[in-house]
Amino acid sequence: MLWLSTGWLLFALSAAVAAAIGLLILAGSIGTGFWSFFWSGIGAALLSTALALLISEVVLKPLFVRDLLSIANLRTRFADISMREVGPLNRIRWAELYSTAREIDLVVADPSPWMARDLDLVVACAARRVRVRVFLASPEGSGKEQVTSAEAGLREAWTRRQNKHRRADLEIWFLSTAPTSFMARFDDEVVVAIDAGLAVEAKPELFLQIGYEGASDVQSWIRDRWQWAESMEGLTPAWASRKQSPEPSEVRGRLGTRLDDPGSGL
């Protein structure tokens with residue numbers, strides 16, 4: 001199915017209006033006769049259709065959505081749970097979340113596709129000051145090969161990158177109970193995968209992005225899930241990057257002095 005964003009649709013409709021006007025001008029330049037009536041008919045039909053769709057997209061559709069939200073009381077609900085986005089994978093701004101968060105927690109249910117999608121984004125975090133925790137299923141379970149491959153690949157890629165940028169910390173943990181869906185926390189933003197309960201081949205996952213802080217039932221549910229993961233008995237540390245010594249410039253900034261000044265006593 002061909003899917004167009006609102007911007008592309010408006011562009012296509014504007015192009016159709018311009019083409020219709022061009023056909024009408026062409027028909028007028030021909031004068032009279034069959035071809036003049038033919039092109040003027042095509043131009044008029046295209047112009048009326050394009051204008052109707054343009055009015056529907058620009059005016060009627062936003063009004064319908066606003067009225068629907070008001071009638072169903074969804075606008076208040078969305079505000080209560082701090083919902084940012086919901087939809088398929090490409091609706092979430094993954095690169096922005098990874099590049100701006102200072103604390104990142106990732107519960108990964110299916111390591112192979114996650115590694116293919118997010119490995120570069122995770123490893124890029126090694127270049128800045130950030131703490132990343134990745135929770136995987138136990139390698140003693142049914143997905144042993146996927147889990148061990150993901151753990152080794154993540155550890156090796158992070159180590160190579162951190163040799164140049166020694167600023168971030170990565171922790172990899174094994175959960176005694178395998179997670180059934182993906183969940184991630186980027187500071188105060190949470191992304192949860194919504195599983196349709198069908199075979200993997202039959203469904204793409206939907207992702208819900210909401211705020212972590214709040215008093216709604218959804219935020220309470222999210223916090224319960226994180227507390228469950230962090231306090232689970234049998235939570236096993238798999239690997240952690242070495243603690244990095246601060247750069248001299250950072251130490252100078254913290255102390256408000258110069259380390260290379262003989263009179264400082266440092």
Side-chain angles (χ1 to χ4, degrees), residues 3 5-7 60-111 113-114 117-118 121-122 124-125 128-137 168-198 200 202-235:
W3 180 84
S5 66
T6 301
L60 299 181
K61 184 178 177 180
L63 289 176
F64 173 76
V65 173
R66 186 193 65 185
D67 292 343
L68 179 62
L69 290 175
S70 299
I71 293 172
N73 201 28
L74 292 177
R75 189 184 301 275
T76 302
R77 179 60 173 167
F78 291 163
D80 288 343
I81 66 175
S82 303
M83 193 177 83
R84 318 285 194 234
E85 189 61 82
V86 61
L89 179 69
N90 59 1
R91 296 288 298 181
I92 305 300
R93 298 179 179 179
W94 298 104
E96 180 180 332
L97 290 172
Y98 275 105
S99 62
T100 57
R102 304 300 295 270
E103 293 185 356
I104 301 174
D105 293 328
L106 305 159
V107 176
V108 181
D110 199 353
W114 174 77
R117 184 190 77 209
D118 287 5
L121 295 173
V122 174
C125 294
R128 60 189 185 86
R129 188 166 299 283
V130 62
R131 192 268 293 145
V132 181
R133 293 190 300 180
V134 179
F135 298 89
L136 301 171
D169 292 323
L170 171 66
E171 301 173 9
I172 304 176
W173 296 80
F174 290 143
L175 298 168
S176 58
T177 301
T180 58
S181 62
F182 173 85
M183 185 165 61
R185 183 172 70 87
F186 302 88
D187 289 339
D188 294 331
E189 297 291 319
V190 174
V191 179
V192 180
I194 304 173
D195 196 326
L198 302 175
V200 174
K203 52 88 184 174
E205 288 179 318
L206 291 179
F207 292 85
L208 172 66
Q209 179 182 348
I210 65 174
Y212 183 74
E213 299 296 335
S216 74
D217 50 357
V218 176
Q219 269 97 7
S220 297
W221 182 87
I222 292 293
R223 285 192 292 270
D224 287 344
R225 302 287 79 74
W226 284 117
Q227 292 172 5
W228 168 83
E230 294 177 343
S231 62
M232 180 186 296
E233 294 183 3
L235 187 64

field: Closest contact, heavy atoms only, V132 versus C125
entry: CG2-CB, 4.2 Å

- prompt: What residues, two or more places apart in sequence or in another chain, satisfy side chain to side chain contact (heavy atoms under 4.5 Å, CB included) together with R93?
  reply: E96

- request: List the steps and the verdict of side-chain contact (heavy atoms from CB on, under 4.5 Å) for V218 and M83.
  value: CA-CA 10 Å; V218 176; M83 193 177 83; over 6 Å; no

task: Rounded to the nearest 0.5 Å, what's the gap from CD on E85 to CG on L208? Could you check?
output: 9.5 Å

field: Parallel, tilted or perpendicular, as decided by the 30° and 60° cut-offs, for the rings of W94 and F182
entry: perpendicular

message: Using the salt bridge (charged side-chain N to carboxylate O under 4.0 Å, His left out) criterion, which residues pair with R84? Sequence neighbours excluded.
response: E189

Verdict with supporting geometry, W114 and V122, side-chain contact (heavy atoms from CB on, under 4.5 Å): CA-CA 11 Å; W114 174 77; V122 174; 3.8 Å; yes

- line: On a heavy-atom basis, the closest approach of A137 and A178 is CB-CB, 3.8 Å

Verdict with reasoning, F207 to R91, per side-chain contact (heavy atoms from CB on, under 4.5 Å): CA-CA 8 Å; F207 292 85; R91 296 288 298 181; over 6 Å; no

- request: Please report the shortest heavy-atom distance between P179 and V107, naming the atom on each side.
  value: CB-CG1, 3.6 Å

task: Compare every heavy atom of S220 with every heavy atom of A215, then report the nearest pair and how far apart it is.
output: O-OG, 4.4 Å

Atom pair CD (Q219) and CD1 (I210), whose distance is rounded to the nearest 0.5 Å: 5.0 Å

message: Test side-chain contact (heavy atoms from CB on, under 4.5 Å) on L235 and L175; report intermediate values, then the result.
response: CA-CA 5 Å; L235 187 64; L175 298 168; 3.3 Å; yes

field: Non-neighbouring partners of R131 that pass salt bridge (charged side-chain N to carboxylate O under 4.0 Å, His left out), sequence neighbours left out
entry: E103, D105

task: Compare every heavy atom of I81 with every heavy atom of S216, then report the nearest pair and how far apart it is.
output: OG-CG2, 3.7 Å

message: If we ignore hydrogens and angles and just use 3.5 Å, is the side chain of D188 paired with the main-chain N or O of G211 as donor and acceptor?
response: no

- prompt: Would you find a donor on one side and an acceptor on the other, under 3.5 Å apart, between the side chain of R102 and the backbone of R129?
  reply: yes

field: Interatomic spacing from CD1 in I104 to CG in D187 - rounded to 0.5 Å
entry: 7.5 Å

R223 side chain to Y212 backbone, donor-acceptor under 3.5 Å: yes

field: Value rounded to 0.5 Å, distance of CD1 in I222 from CD in E213
entry: 12.0 Å

- prompt: Distance from L121 atom CG to L106 atom CG, nearest 0.5 Å?
  reply: 10.5 Å

